[in-house]
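Naming convention: chains lettered A, B, ... in sequence-line order (proteins, then strands); numbering from 1 in each chain. Small disclaimer: the values here were computed from a predicted structure and weren't measured.
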Amino acid sequence: MNDKLLKPYNPNETEARIYKRWEDSGYFNPDVCIAKGITKPDAPHFSIVLPPPNVTGRLHLGHALEHSLQDAVVRFERMRGKRTVWIPGTDHAAIATQSRFEKELQKESGKSRHDFPREEFFKMINEFGLKNQKDMLIQMRLLGSSLDWSREAFTLDYKRSMAVKTAFKKMYDEGLIYRGNRVINWDPKGQTTIADDEIIYEEREAKFYTFKYSKDFPIPISTTRAETKVGDTAVAVNPKDARYKEYVGKTYLIKDFCGVPLTIKVIADESVEADFGTGALGVTPAHSQIDADIAARHNLPTVQVINEYAKMMIGDERILGKKTTEAREVIVSWLRNQGLLEKEETIKQNISTAERTGGIIEPLPKLQWFIDVNKAIPSKGGKTLKELMREPVASKKINILPDHFEKIYFNWIDNLRDWCISRQIIYGHRIPVWYHELKCIPKQGHEQDIVKCEQILISADKPKCEFCDAQYIQDSDTLDTWFSSGLWTFSTLGWPGQTTDLKTYHPTSLMNPGYEILFFWVARMVMMSEYLLGDIPFKTVYLHGIVRDSKGKKFSKSANNGIEPEEVIKQLGTDALRMSMIVGIGPGNDINFDLQKVKAYSKFANKLWNITRFVVSNLEDFDPNKKYKLTAADTALLEEQKNLAKKISEDMETYKFYLAAENLYHYIWHTFADKIIEESKTRLSRSADNKDRESIQSTLYTILKINLRLLHPFMPFITEELWSIIPRVSTDNDLLLVESWPN
RNA sequence: GGGCGAUUAGCUCAGUUGGUUAGAGCGUUACAUUGACAUUGUAAAGGUCACAGGUUCGAGUCCUGUAUCGCCCACCA
């Protein structure tokens, strides 16, 4: 017997060695499997693209969960003979990576982005990201993931850049991407716009002031943001509100509102609630999304009064150049002194903050790039992007697990506004838009042609003007990171090239993100894939939950409750960690991570080790190549296991990993070990009837081998190690990794 | 304000299309154990499946309502 079996199972000694054998074999790559005759070239495909982790730091237990699930299904499908690929990659995560880097830079050297030229700063962030990326790729190997490393991708590498530029151009040419001056979410801390879903609301107490603009103004209004009122151009009331009916349509001139003259028109708008506050809303078109909508309906002028640094850009020395919070106090005390302040209350208010920087969002009008989600698209038969996102899920072409997230998905789409895709940060895909310089000296012979100079061009590289010597200057903004993420299922397969990979593996079979990025990412992949490829990006979305600590708290730096996957692996082994991430956890459920549970599965690993030791030690005079006649009882045992294997296959096919793994665990421990092996002991003794002994030897051997195969997707390392130790027959593969699935 | 989910053993959670006696891990108790098992086995205690109605031959599972907790979306100016 192999000496290894005499000692308890040692995952630390085993795992790295096994992973190297797998990687060296090349079998993670389906092309190699086909070349070596393991997989049939015409076999159905099974493909997953890994949700790319952000290169902001290191992998955490949430990633371990993702890898455990995906690797389980990938190994299962590979063993079943499908042409299986799992593509690894990482995400540059633009704003997340830049803000993380800037924080560290500030801490270490006190420097900021303004201390470096753009190109140099980009390089510094990229190096930071690539260092993290390197660590993460090592971590993925520790997790045992059977990723096809030959196809590794990065959202910011050359091929993905080409995909981004191609997608941008196509959407621009069809009028889906436009540049517009709109009220957007400005993060004064990060000095960039952010999308609606990057906002986090925090509840705070705020003062709610009720006042009149002037003594002559007939309608009092209420606000928490008195400083924005210097930008008001209207007061809106509900059209049914009898109190204010007589004033609607009139315009009032206010000569002096804390040093600022105002022109206020009274308008009626359905969106105003008569019961809230005074029933009248001071409309500030420049600094509120809702007010901007009202202003658009009533053709009101927009006056910007707050700049990008959240400072006042209007008024006299009392407020000009002051921070919004300071200006607010000045204006409130002015109102008080003038006797205009009628009421002052304390209310609870939700304040918008930026997800990545924590900065308080300042709505500002700005010229930005947007994706129009409501435009009828000619090439799609007049459908809108919203419809393209909605339809495949509604028609079940895409299956979301658990089901109830479909409702949430639809709800989100129905309320969706145009997507602001431009960011004023450095790290990311630069917008591939080039502007013609204003000065324009015609080339010889083209004196008459300079009217034809293209003012705006979408181009991957710097364009040259045909008719004059002017330069093209690239837009300084970068793209929202989710723009490149949206292309992920096909940019990884070579798009815009019409590659064999793209034809073979798209649409992908499964996508396994956390439910918290259903909107950010899943919806956008559907949008991009439907628009650019005219096809779904994936057939099934299996949403997983959040891994929390054993008490249900989120892991966070401030709570200091972080657990590194490596620590757990070092202590108890990857297989145990993986099992603990799978058993008993349905889709969409959060996990309270408990080391006790991992420990239970490390015991199970050892149990399996000893089961094998027992079986192997009783096979010394057994020839695995020979066919032995089995007793009826033993045939029944094999039949029982066959039923289990069938059940497990079904559960795997329907993505019920949590049941498959648990049933298998239970069978191996409490049926195979506690019953079958226990009862075999007397039959195995040398003095027993030889025919009966052979029958049980053969039965134990067969069951063990099938168990190793069934368990491989969940506990790949120990099963592979045991596969190399047990006696095998000539038709068996060297590596369990590519052994066929029991049917 | 709108929506979604959860409530099952001391703890953390499963429970598949409604079907016998509701399960697992950890914890607790007793016994066994030089055992294939330093990580074992056998058994026990522990549940009015949140509560109240309803459908059904039969409900942890389906329906209605209530309570509590959690999450998502909106953002009242």
Side-chain angles (χ1 to χ4, degrees), chain A residues 1 5-9 196-197 199 201 203 206 208-210 221-225 228-229 232 235-236 269 271-273 275-284 287-291 294 347-352 402-416 515-516 518-519 545-546 548-552 572 576 579-580 583-586 588-618 647 650-651 654 656 658-663 665-666 669-670 673-675 677-678 680-681 684 700:
Chain A
M1 189 168 63
L5 286 177
L6 298 174
K7 285 178 275 176
Y9 175 57
D196 293 342
D197 18 32
I199 291 176
Y201 292 102
E203 196 175 75
F208 191 51
Y209 306 102
T210 301
I221 57 161
S222 301
T223 187
T224 54
R225 298 208 54 192
T228 64
K229 297 292 106 183
D232 282 12
V235 163
D269 194 281
S271 70
V272 180
E273 284 175 42
D275 329 335
F276 186 81
T278 63
L281 160 66
V283 183
T284 322
H287 299 291
S288 155
Q289 195 81 246
I290 288 175
D291 293 11
I294 295 175
I347 58 159
K348 285 220 168 117
Q349 192 195 25
N350 276 330
I351 191 157
S352 326
D403 295 341
H404 71 260
F405 275 97
E406 284 179 5
K407 290 181 205 160
I408 299 174
Y409 180 85
F410 293 140
N411 184 45
W412 178 80
I413 289 174
D414 295 342
N415 295 314
L416 189 62
Y515 60 71
E516 74 277 11
L518 179 64
F519 311 138
I546 296 167
R548 301 163 180 277
D549 75 7
S550 60
K551 291 174 193 121
L572 299 162
M579 277 296 269
S580 78
V583 173
I585 297 162
N589 278 7
D590 288 353
I591 301 163
N592 290 357
F593 182 81
D594 194 341
L595 207 59
Q596 286 302 323
K597 188 173 175 188
V598 188
K599 207 169 173 193
Y601 292 106
S602 75
K603 280 189 195 177
F604 176 59
N606 197 59
K607 186 76 184 179
L608 182 69
W609 191 258
N610 280 298
I611 286 169
T612 308
R613 174 173 162 186
F614 176 83
V615 173
V616 170
S617 70
N618 281 291
K647 180 107 189 60
E650 281 168 14
D651 286 340
T654 48
K656 288 171 190 151
Y658 51 107
L659 291 179
E662 186 170 3
N663 288 334
Y665 168 89
H666 208 262
W669 199 314
H670 299 296
D674 290 349
K675 296 208 174 76
I677 287 183
E678 281 309 317
S680 76
K681 284 179 180 171
L684 283 165
L700 291 179

Atom pair distance, as rounded to whole Å: [atom1] in [X] and [atom2] in [N]:
X: A/Asn589; N: B/A6; atom1: CG; atom2: C1'; value: 9 Å
X: A/Arg613; N: B/A36; atom1: CZ; atom2: P; value: 9 Å
X: A/Ile677; N: B/A36; atom1: CD1; atom2: P; value: 11 Å
X: A/Ile591; N: B/C13; atom1: CD1; atom2: C1'; value: 11 Å
X: A/Asp651; N: B/U17; atom1: CG; atom2: P; value: 11 Å
X: A/Phe614; N: B/U39; atom1: CZ; atom2: C1'; value: 18 Å
X: A/Leu659; N: B/G23; atom1: CG; atom2: C1'; value: 12 Å
X: A/Leu608; N: B/U40; atom1: CG; atom2: C1'; value: 15 Å

Taking A/Phe519 as the fixed residue, which of A/Ile413, A/Ile408, A/Leu416 is the one that meets the side-chain contact (heavy atoms from CB on, under 4.5 Å) rule?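 So, applying the side-chain contact (heavy atoms from CB on, under 4.5 Å) to A/Phe519 and each of A/Ile413, A/Ile408, A/Leu416, only A/Ile408 qualifies.
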Let me know which of A/Val616, A/Ile611, A/Asn610 forms a side-chain contact (heavy atoms from CB on, under 4.5 Å) with A/Arg613.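 Per the side-chain contact (heavy atoms from CB on, under 4.5 Å) rule, the option paired with A/Arg613 is A/Asn610, out of A/Val616, A/Ile611, A/Asn610.
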With sugar-phosphate meaning primed atoms plus P, OP1 and OP2, does [X] contact a base, only sugar-phosphate, or nothing at under 4.0 Å between heavy atoms?
X: A/Lys599; result: nothing
X: A/Lys675; result: nothing
X: A/Val272; result: base
X: A/Ala236; result: nothing
X: A/Ser602; result: base
X: A/Asp674; result: sugar-phosphate
X: A/Glu273; result: base
X: A/Tyr665; result: sugar-phosphate

Between [N] and [M], how many Å separate the two [atom1] atoms, rounded to a whole number?
N: B/G70; M: B/C13; atom1: P; answer: 14 Å
N: B/U8; M: B/A50; atom1: P; answer: 6 Å
N: B/G25; M: B/U39; atom1: C1'; answer: 14 Å
N: B/G23; M: B/A67; atom1: P; answer: 34 Å
N: B/A6; M: B/C62; atom1: P; answer: 9 Å
N: B/U64; M: B/A24; atom1: C1'; answer: 33 Å
N: B/U12; M: B/U66; atom1: P; answer: 28 Å
N: B/C69; M: B/A32; atom1: P; answer: 50 Å

For [N], the Watson-Crick or wobble counterpart (both distances under 3.5 Å):
N: B/G58; result: none
N: B/G53; result: B/C63
N: B/U12; result: B/A24
N: B/C71; result: B/G3
N: B/G41; result: B/C31

At their closest point, which heavy atom of A/Ala576 faces which heavy atom of A/Ser602, and how far apart are they?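 In this case the closest contact between A/Ala576 and A/Ser602 is CB-N, 3.5 Å.
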Search all heavy atoms of A/Ser680 against all heavy atoms of A/Phe614 and return the closest pair with its distance.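 Answer, listing the atom of A/Ser680 first, then A/Phe614: OG-CE2, 3.9 Å.
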Would you say a side-chain N or O of [X] is under 4.0 Å from OP1 or OP2 of [N]?
X: A/Gln289; N: B/A74; answer: no
X: A/Asn411; N: B/C4; answer: no
X: A/Tyr201; N: B/C75; answer: yes
X: A/Asn663; N: B/U16; answer: no
X: A/His670; N: B/G25; answer: yes
X: A/Asn350; N: B/A74; answer: no
X: A/Lys603; N: B/C26; answer: yes
X: A/Trp669; N: B/A24; answer: no

So does A/Glu678 reach the base of B/A36 with its side chain, donor to acceptor, closer than 3.5 Å?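 Present.
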Between the side-chain atoms of A/Lys607 and the base atoms of B/C37, is any donor-acceptor pair under 3.5 Å?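 It does, because a donor-acceptor pair links the side chain of A/Lys607 to the base of B/C37 below 3.5 Å.
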Among [options], find the nucleotide with the atom closest to the side chain of [X].
X: A/Ile611; options: B/A36, B/C73, B/A77; result: B/A36
X: A/Phe519; options: B/A24, B/C73, B/A77; result: B/C73
X: A/Ile408; options: B/C72, B/A77, B/C37; result: B/C72

Do the rings of A/Tyr601 and A/Phe604 sit parallel, tilted or perpendicular, given the 30° and 60° boundaries?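 Geometry flag for A/Phe604 against A/Tyr601: perpendicular rings.
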With side chains defined as the heavy atoms from C-beta onward, is the minimum distance between A/Thr284 and A/Thr223 less than 4.5 Å?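 Side chain of A/Thr284 against side chain of A/Thr223, heavy atoms only: no contact under 4.5 Å found.
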5' precedence on RNA chain B between A/Lys348 and A/Tyr658 (nearest-nucleotide basis):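 First, find each residue's nearest nucleotide; the 5'-ward one identifies A/Tyr658.
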Which sits closer to the 5' end of RNA chain B, A/Gly586 or A/Asp196, going by the nucleotide each is nearest to?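 The residue whose closest nucleotide sits nearer the 5' end is A/Gly586.
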Checking the side chain of A/Asn589 only, and the main-chain atoms of A/Ile585 only, is there a donor and an acceptor separated by less than 3.5 Å?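 Judged by distance alone, no pair lies under 3.5 Å.
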With side chain to side chain contact (heavy atoms under 4.5 Å, CB included) as the test, would you mind laying out the steps for A/Asp651 and A/Asn663 before giving the verdict? CA-CA 10 Å; A/Asp651 286 340; A/Asn663 288 334; 3.8 Å; yes
Does this structure show an ion pair linking A/Lys229 with A/Asp232, if we count only N-O contacts that are shorter than 4.0 Å?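 Salt bridge flag = yes for A/Asp232 with A/Lys229.
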